[in-house]
Amino acid sequence: MKKIYAASVILLVMVSLAACGGSGQSADLDGTSWLLVAYGGSAPIGMTMPTLAFQDGQVSGNASCNSFGGSFEVTGDRLSFGPMFMTEMFCMDPEGVMDQEGLYLQMLGSVERFEISDGQLVLFTASGDTLNFIPAE
């Protein structure tokens with residue numbers, strides 16, 4: 001129950017960040033889909049495959065157990081996410097999956113900028129952590 005509460009708090013933090021960012025084109029990210037390969041220096045656990053997809057100003061994905069979605073804005077290399085929705089399932093396998101999900105969503109909520117280099121997407125958080133993605137194909 002505490003983990004569901006923590007995920008809800010993280011979602012509220014992401015919603016509160018909706019005021020960040022400006023207007024701009026999302027051409028670099030629009031129509032792309034990604035698989036998380038590292039977050040904060042750690043690899044996703046087990047067979048979990050957190051995802052992130054950008055389409056027509058909307059972002060969606062799977063955080064490890066739950067699906068999420070909302071809006072995003074890009075201005076140059078700046079990236080901000082708007083209000084998000086999320087399903088509310090609880091997963092027990094693999095062990096630690098809900099903690100991983102909570103950290104992934106928390107990090108997404110603090111993303112400030114992005115870079116696409118050598119076909120990979122890197123998201124940079126306010127604290128200096130990174131989320132590293134490869135194309136989902």
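The model shown is predicted, which means the values in this text are computed figures rather than measured ones.
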Side chain to side chain contact (heavy atoms under 4.5 Å, CB included) between Met84 and Val59: does it pass, once the steps are laid out? CA-CA 9 Å; Met84 295 279 191; Val59 64; 3.5 Å; yes
For side chain to side chain contact (heavy atoms under 4.5 Å, CB included), just list the numbers for Val74 and Leu29, CA-CA rounded to whole Å, side-chain angles, deciding distance to a tenth of an Å, and then say yes or no. CA-CA 8 Å; Val74 171; Leu29 292 175; 3.8 Å; yes
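The disulfide (SG to SG under 2.5 Å) analysis of residues 50-109, with sequence neighbours excluded, yields the pairs Cys65-Cys91. The list of disulfide (SG to SG under 2.5 Å) pairs with a residue in residues 95-137, not counting sequence neighbours, is empty. Residues in residues 99-137 take part in no disulfide (SG to SG under 2.5 Å) pair, two or more places apart or across chains.
Checked against side chain to side chain contact (heavy atoms under 4.5 Å, CB included), Asp77 has the following partners two or more places apart in sequence or in another chain: Arg113. With sequence neighbours left out, the side chain to side chain donor-acceptor pair (under 3.5 Å) criterion links Thr87 to Asn66.
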For a quick test of your reading: what N or O donor-acceptor pairs under 3.5 Å do the side chains of residues 39-55 make, sequence neighbours left out?
residue, atom, partner, partner atom, Å
Thr48, OG1, Ile45, O, 2.6
Thr48, OG1, Gln100, NE2, 2.9
Thr51, OG1, Asn62, N, 2.8

Report all side-chain donor-acceptor pairs from residues 114-124 shorter than 3.5 Å, counting only partners two or more places apart or in another chain.
none

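To the nearest 0.5 Å, atoms CZ (Phe68) and OG (Ser60) are separated by 7.0 Å. Between the CG atom in Asp129 and the CG atom in Leu103 there is a gap of 8.0 Å [rounded to 0.5 Å]. To the nearest 0.5 Å, atom CD of residue Gln58 and atom CG of residue Asp30 are 10.5 Å apart. Taken to the nearest 0.5 Å, the CD atom of Glu112 stands 10.5 Å off from the OG atom of Ser80. Rounding to the nearest 0.5 angstrom, the gap separating the CG atom in Leu105 from the OG atom in Ser64 is 8.0 Å.
The heavy-atom pair separating Met89 from Met98 by the smallest distance is O-CE, 3.8 Å. Minimum interatomic distance between Val111 and Leu131 (heavy atoms only, all atoms of both residues): CG2-CD1, 3.9 Å.
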